[in-house]
Asks: 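Just dropping this structure here.
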Amino acid sequence: MLSKSAARAFFLTGTVGFSVIFLALTVDTIRRVPEQTNSDKLTPQAIQGKHLWETNNCMGCHTLLGEGAYYAPELTKVYERRGPDFIKAMLRDPEAMYPGQRRMVQYDFTPEQREALVAFFKWVGEMDLNGFPPEPRLLRVAVPEPVGEEVVASIKRPKIFNQMCVVCHSLGKRGGNIGPALDGVGSRRDYENLIAWITNPSKLKPGTKMPKLPLSKADVAELASFLSQLKEPPGSAGKGAKQ
């Protein structure tokens with residue numbers, strides 16, 4: 001058992017020692033901030049986006065860098081996860097992207113303001129946050145090869161598929177449930193039909209809930225090529241849902 005003088009010395013030594021450690025860690029953290037946040041890449045456009053984020057109280061619904069509300073998706077890595085085209089489409093008209101689903105406010109941002117918010121999200125997404133938030137596990141998908149009965153190839157989903165399509169559709173039981181699952185869609189629709197459907201859904205089916213996505217011709221071709229390879233396994237009944 002410690003005497004009073006020994007306990008006092010132990011307390012003072014511990015307090016001073018851990019205070020020094022705390023201060024050293026604080027100084028080290030502050031020293032690392034400019035490099036890890038890429039402060040030199042904080043452009044006037046990104047600063048404008050940050051101002052828009054704050055003045056429109058986006059943190060009332062979303063979280064960013066671990067701070068904010070949990071009503072809507074976390075946005076720290078939204079630029080990497082969804083891409084600039086998806087972000088701008090959501091900012092332009094949330095209801096068109098998710099008919100009857102999304103409750104995001106229509107802010108009527110100008111094109112310049114949308115670009116500024118995208119620049120802000122890009123800057124935030126490129127910060128070194130020591131692994132936060134964890135990267136989503138986007139696995140390779142095993143599908144039957146279009147030619148050949150027993151050959152199974154492992155193909156990688158196009159980036160645009162992981163950014164946009166899985167928001168509404170599922171594949172391999174992963175993804176959204178707003179639209180039909182895309183397993184075996186290549187057995188139901190050929191390449192040309194997929195091109196037409198992805199390019200302008202309402203032209204093929206007036207009143208469909210699927211929006212006309214902001215995709216380039218290269219994106220459309222890549223998606224159609226990928227989806228056309230998703231065949232039903234031999235002998236299956238092909239129960240794909242209709243759009």
Side-chain angles (χ1 to χ4, degrees), residues 24-94 97-98 102 104-105 107-141 156-168 171 174-176 211 213-220 222-223 226:
L25 290 173
T26 301
V27 171
D28 182 66
T29 298
I30 294 173
R31 181 179 61 80
R32 291 171 180 264
V33 166
E35 180 182 355
Q36 291 195 233
T37 60
N38 298 316
S39 60
D40 58 319
K41 297 180 181 178
L42 187 56
T43 64
Q45 189 180 42
I47 293 173
Q48 181 190 2
K50 183 178 185 296
H51 178 71
L52 289 168
W53 168 269
E54 294 174 346
T55 55
N56 287 280
N57 191 32
C58 300
M59 291 179 72
C61 294
H62 297 275
T63 55
L64 189 71
L65 301 174
E67 296 184 357
Y70 292 89
Y71 178 76
E74 210 282 337
L75 298 180
T76 302
K77 294 291 185 180
V78 68
Y79 186 90
E80 176 184 339
R81 188 172 70 248
R82 297 297 180 211
D85 292 332
F86 180 89
I87 296 171
K88 285 184 281 189
M90 278 295 298
L91 293 172
R92 182 171 56 250
D93 191 350
M97 294 295 289
Y98 295 90
R102 285 287 179 183
M104 180 173 167
V105 177
Y107 286 103
D108 297 321
F109 290 123
T110 65
E112 292 76 17
Q113 289 174 324
R114 292 195 291 269
E115 291 288 351
L117 282 163
V118 168
F120 173 59
F121 289 132
K122 183 177 185 295
W123 175 71
V124 170
E126 291 175 347
M127 289 182 182
D128 180 0
L129 301 175
N130 298 319
F132 174 85
E135 292 186 8
R137 297 180 62 188
L138 301 175
L139 304 180
R140 295 171 71 87
V141 185
K156 188 176 182 180
R157 303 184 189 192
K159 184 177 181 180
I160 195 68
F161 181 90
N162 288 329
Q163 289 179 336
M164 290 195 174
C165 303
V166 296
V167 177
C168 296
L171 182 62
R174 295 190 178 192
L213 299 172
L215 301 172
S216 66
K217 289 184 178 180
D219 290 333
V220 173
E222 185 180 26
L223 283 172
F226 168 69

Asks: Test of understanding: with side chain to side chain donor-acceptor pair (under 3.5 Å), list the residues that count as partners of Asp219, not counting sequence neighbours.
Replies: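 Scan of Asp219 (side chain to side chain donor-acceptor pair (under 3.5 Å), adjacent residues dropped) gives Ser216.
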Asks: Under the rule for side chain to side chain donor-acceptor pair (under 3.5 Å), what residues qualify as partners of Thr76, not counting sequence neighbours?
Replies: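 Per chain and number, Thr76 pairs via side chain to side chain donor-acceptor pair (under 3.5 Å) with Glu74.
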Asks: Looking at residues at least two apart in the chain, or sitting in another chain, which of them share a ring pair (Phe, Tyr, Trp, His ring centres under 6.0 Å) with Tyr107?
Replies: Phe109
Asks: Not counting sequence neighbours, list each pair that qualifies as a salt bridge (charged side-chain N to carboxylate O under 4.0 Å, His left out) and has a residue in residues 46-68.
Replies: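 Listed by first then second residue: Lys50-Glu54.
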Asks: Got a list of side-chain donor-acceptor pairs under 3.5 Å for residues 56-63, not counting sequence neighbours?
Replies:
from	atom 1	to	atom 2	distance (Å)
Asn56	ND2	Leu52	O	2.8
His62	ND1	Pro73	O	2.8

Asks: Asn130: which residues meet the side chain to side chain contact (heavy atoms under 4.5 Å, CB included) condition with it, sequence neighbours left out?
Replies: Gln36, Asp128
Asks: Can you tell me if Glu80 uses its side chain to pair, donor with acceptor, with the backbone of Lys77 under 3.5 Å?
Replies: no
Asks: Does the pair Leu215 and Met164 meet the rule for a side-chain contact (heavy atoms from CB on, under 4.5 Å), with working shown?
Replies: CA-CA 10 Å; Leu215 301 172; Met164 290 195 174; 3.7 Å; yes
Asks: With sequence neighbours left out, what residues match Asp93 under side chain to side chain contact (heavy atoms under 4.5 Å, CB included)?
Replies: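 Expected list: Glu95, Ala96, Gln106.
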Asks: Quick one: ring pair (Phe, Tyr, Trp, His ring centres under 6.0 Å) partners of Tyr79, sequence neighbours excluded?
Replies: none
Asks: Can you tell me which residue pairs pass the side chain to side chain donor-acceptor pair (under 3.5 Å) test with a partner in residues 24-34, sequence neighbours excluded?
Replies: Asp28-Arg31, Asp28-Arg32
Asks: Would you please classify the geometry between the Trp53 ring and the Phe120 ring as parallel, tilted or perpendicular, with 30° and 60° separating the classes?
Replies: tilted
Asks: Can you run down the salt bridge (charged side-chain N to carboxylate O under 4.0 Å, His left out) pairs that involve residues 158-167, sequence neighbours left out, and say none if there aren't any?
Replies: none
Asks: Heavy-atom distance under 4.5 Å between the side chains of Gln48 and Gln113, does that happen here?
Replies: yes
Asks: Which residues satisfy the side chain to side chain donor-acceptor pair (under 3.5 Å) test with Glu115, sequence neighbours excluded?
Replies: Lys88
